[in-house]
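The structure under discussion appears below in the form of structure tokens.
Treat the numbers as computed from the prediction; the structure is a model and nothing was measured.
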Amino acid sequence: TYVNCGFVPSMVKIINATDKDVSLTWTSDMANDSGITDAGAAVTSGGITPVAQTDGTNHGFLVGTDASCQEASKTYTWIAYR
């Protein structure tokens with residue numbers, strides 16, 4: 001899932017708003033498609049990937065398929081820092 005937040009973030013936190021049981025944090029010093037859960041588990045694929053500007057308009061991040069950041073029928077909220 002692509003999120004256009006208007007800038008390329010240096011930190012993203014995804015929170016499961018439905019269950020409030022898991023969150024994932026990614027920072028710019030981590031590899032793309034990764035993150036760390038609130039329980040301290042490393043996510044090495046299916047995490048967060050920053051998306052650089054395309055044609056001057058698209059900036060943001062991709063949310064991967066790991067269950068800590070995306071799960072069917074659940075609502076997630078996010079916070080992105082520049």
Side-chain angles (χ1 to χ4, degrees):
T1 302
Y2 173 71
V3 177
N4 184 351
C5 60
F7 58 91
V8 179
S10 61
M11 181 180 167
V12 176
K13 184 168 184 87
I14 304 279
I15 303 161
N16 181 328
T18 302
D19 300 333
K20 298 170 184 59
D21 63 345
V22 68
S23 67
L24 179 79
T25 301
W26 173 88
T27 61
S28 59
D29 60 341
M30 295 178 177
N32 290 349
D33 202 28
S34 69
I36 189 160
T37 68
D38 54 344
V43 173
T44 57
S45 67
I48 303 298
T49 300
V51 176
Q53 179 175 331
T54 307
D55 298 330
T57 57
N58 295 323
H59 324 58
F61 58 94
L62 289 171
V63 178
T65 57
D66 188 84
S68 61
C69 60
Q70 189 166 181
E71 189 178 350
S73 302
K74 305 292 179 172
T75 300
Y76 284 77
T77 190
W78 56 268
I79 302 167
Y81 299 91
R82 192 170 237 181

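- Shown here for Ser23 and Lys13, the closest heavy-atom pair between the two residues is OG-NZ, 3.5 Å.
- Rounding to the nearest 0.5 Å places OG of Ser68 at 10.5 Å from CD1 of Ile36.
- Here the CD1 atom belonging to Ile14 is positioned 9.0 Å from the CD atom belonging to Gln70, to the nearest 0.5 angstrom.
- The shortest non-hydrogen separation linking Phe61 to Ala80 is CE2-CB, 4.1 Å.
- Between Ser34 and Val43 the shortest side-chain heavy-atom distance does not fall below 4.5 Å.
- Separation of atoms CH2 (Trp78) and SG (Cys5) is listed at 5.0 Å; rounding is to 0.5 Å.
- Note on Trp26: it clusters hydrophobically with Val63, by side-chain heavy-atom contacts below 4.5 Å among ILVMFWY residues.
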Handout entry: Ile15/Tyr76 under side chain to side chain contact (heavy atoms under 4.5 Å, CB included): CA gap, chis, key distance, verdict
Key = CA-CA 5 Å; Ile15 303 161; Tyr76 284 77; over 6 Å; no
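- By the 6.0 Å contact criterion, CZ on Phe7 is enclosed, its count of non-hydrogen atoms from other residues, nucleotides or ligands being greater than 12.
- Of the inter-residue distances, the one linking Lys20 atom NZ with Asp38 atom CG reads 13.5 Å to the nearest 0.5 angstrom.
- Distance check: Thr25 OG1 to Met11 CE gives 5.0 Å after rounding to the nearest 0.5 Å.
- Atom CG of Asp33 is separated from atom OG1 of Thr49 by 4.0 Å, given to the nearest 0.5 angstrom.
- Between the side chain of Asp19 and the main chain of Asp21, no donor-acceptor pair closer than 3.5 Å is present.
- No continuous path of hydrophobic side-chain contacts links Val22 to Val3 [ILVMFWY only; heavy atoms under 4.5 Å].
- What you find for Pro9 and Gly60 is that their closest heavy atoms are CD-O, 3.3 Å.
- Using a 4.5 Å heavy-atom threshold, the side chains of Leu62 and Ile48 count as separate.
- For the residue pair Gly64 and Cys69, the shortest heavy atom distance occurs at O-SG, 3.7 Å.
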